[in-house]
Amino acid sequence: MATTKLAFIVQRPPYKSENPKLALTHAIASQSVEIYLSDGDMVEPVIAFIGDGVLNCLKNQKAMETYGIISTENHIKNSLLVDLKVLVCKEDIARFGLSEDAIVLDAEEMGADMKVQVVSFDEITKEMESANHLLFF
Amino acid sequence: MGKLTIGCFSSLVGSMSLDFAVKLASAAIDKGHRVDLWVSGNGTTLAKKGQKPFKDYSYLAKSVTELTAKGLQVTACEACAEARGYHKEDTMEGVKRFSMDWYLASCFDADRVLHIGGE
């Protein structure tokens, strides 16, 4: 029985590239990874938004109206719904002049118990140090 | 010997990241390591059948075919490929197609993971 922790670090802004969304969809795929693993083995993902990547977490994205695709905001909410740990860098939110009110913090309307955690970069660094592998998007 | 998992999300043409990933995979296999190469997003273009070599564009079909014969496991994200309009029958021989959880499973027991994001 073993657990491998994977840290998905999102540092690119939304909609300019596919990367942030692929980070989220790959992290969510951890829900079905057991089909490839032995009994008791598991993958533990953590998603962290840093730098320009924090812009992925803005509320009220209009991706469906504008592009006809599911928004990155919705993918973050789906991550919470499947109990993934989602971190957002506090300093980088401040750097953009944003407050935590501007950030998607929960998915209560979908029935998710998990919440987005706005934390210092030091805390994100600790998560990265405790991960077996880092995946930068 | 160890296991290396490489994830590459950059396109075959327009970026040299896949060239690097394939060269790295080749070097690791030559040293006796096991290598999984996961291509997702635009990276799935690596696995498209019928690539034509031009001197001005990256051409990796020959290298990939040779490396899969030597044990390289190349897997393309099925949804990413389908979204780009190429289907199972358009996929290069020797390349597998799975969903994203395959990549995570490969990372699970890899000694090293090199993740190269997209453009």
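Quick caveat, the model's predicted, so the values are computed rather than measured. Protein chains get the first letters and strands the later ones, always in sequence-line order, with residue 1 at the start of each.
- Here B:Met1 is tied to no hydrophobic group at all, with no ILVMFWY side chain closer than 4.5 Å.
- Chosen from B:Gly41, B:Gly118, B:Cys80, the residue pairing most often with chain A at heavy-atom distances under 4.5 Å is B:Gly118.
- Only one option out of B:Val39, B:Asp36, B:Val113, B:Thr75 pairs with B:Tyr103 in a side chain to side chain contact (heavy atoms under 4.5 Å, CB included); it is B:Val113.
- Ranking A:Gln31, A:Met42, A:Arg12 against chain B, the residue ahead of the rest is A:Arg12, based on heavy-atom pairs under 4.5 Å.
- In terms of heavy atoms, B:Gly94 sits closest to B:Thr68 at O-CG2, 4.0 Å.
- Under the side-chain hydrogen bond (donor to acceptor under 3.5 Å, both in side chains) criterion, B:Ser15 pairs with B:Ser17, sequence neighbours left out.
- Using cut-offs of 30° and 60° on the angle between ring planes, the pair B:Phe54 and B:Tyr57 is perpendicular.
- Residues B:Cys77 and B:Thr44 share a closest heavy-atom pair of O-CG2, 3.7 Å.
- In this structure, CG on B:Leu18 lies 6.0 Å from CG on B:Leu12, to the nearest 0.5 angstrom.
- A:Ser79 contributes atom OG, which lies 4.5 Å from atom CG of A:Leu24 (distance to the nearest 0.5 angstrom).
- For the pair B:Val13 and B:Thr45, the minimum side-chain heavy-atom distance is 4.5 Å or more.
- Both the backbone and the side chain of A:His26 come within less than 4.5 Å of a heavy atom of chain B.
- Inspection of non-hydrogen atoms places no residue of residues 103-120 of chain A under 4.5 Å from chain B.
- Heavy-atom neighbours of chain B within the stretch residues 15-23 of chain A, taken at a separation under 4.5 angstrom, comprise A:Ser17, A:Glu18, A:Asn19, A:Leu22.
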*Evaluation steps, side chain to side chain contact (heavy atoms under 4.5 Å, CB included), between A:Leu58 and A:Glu73*: CA-CA 7 Å; A:Leu58 285 172; A:Glu73 175 184 10; over 6 Å; no
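- If you measure heavy-atom distances from A:Ile35 to chain B, the contacts under 4.5 Å come from the side chain alone.
- Residue B:Phe9 touches chain A through its side chain alone, counting heavy-atom pairs closer than 4.5 Å.
- Of the listed residues (A:Leu6, A:Leu135, A:Val43, A:Thr3), the one with the most heavy-atom contacts under 4.5 Å to chain B is A:Leu135.
- Contact record, A:Phe121 with A:Cys89: CB-SG, 3.9 Å, taken as the closest heavy-atom pair.
- Looking at A:Leu37, the atoms closer than 4.5 Å to chain B (heavy atoms on both sides) all sit in the side chain, from C-beta outward.
- Taken to the nearest 0.5 Å, the OH atom of A:Tyr36 stands 15.5 Å off from the CG atom of A:Asp41.
- In terms of heavy-atom proximity, A:Ala29 sits nearest to B:Asp101 at O-CB, 3.3 Å.
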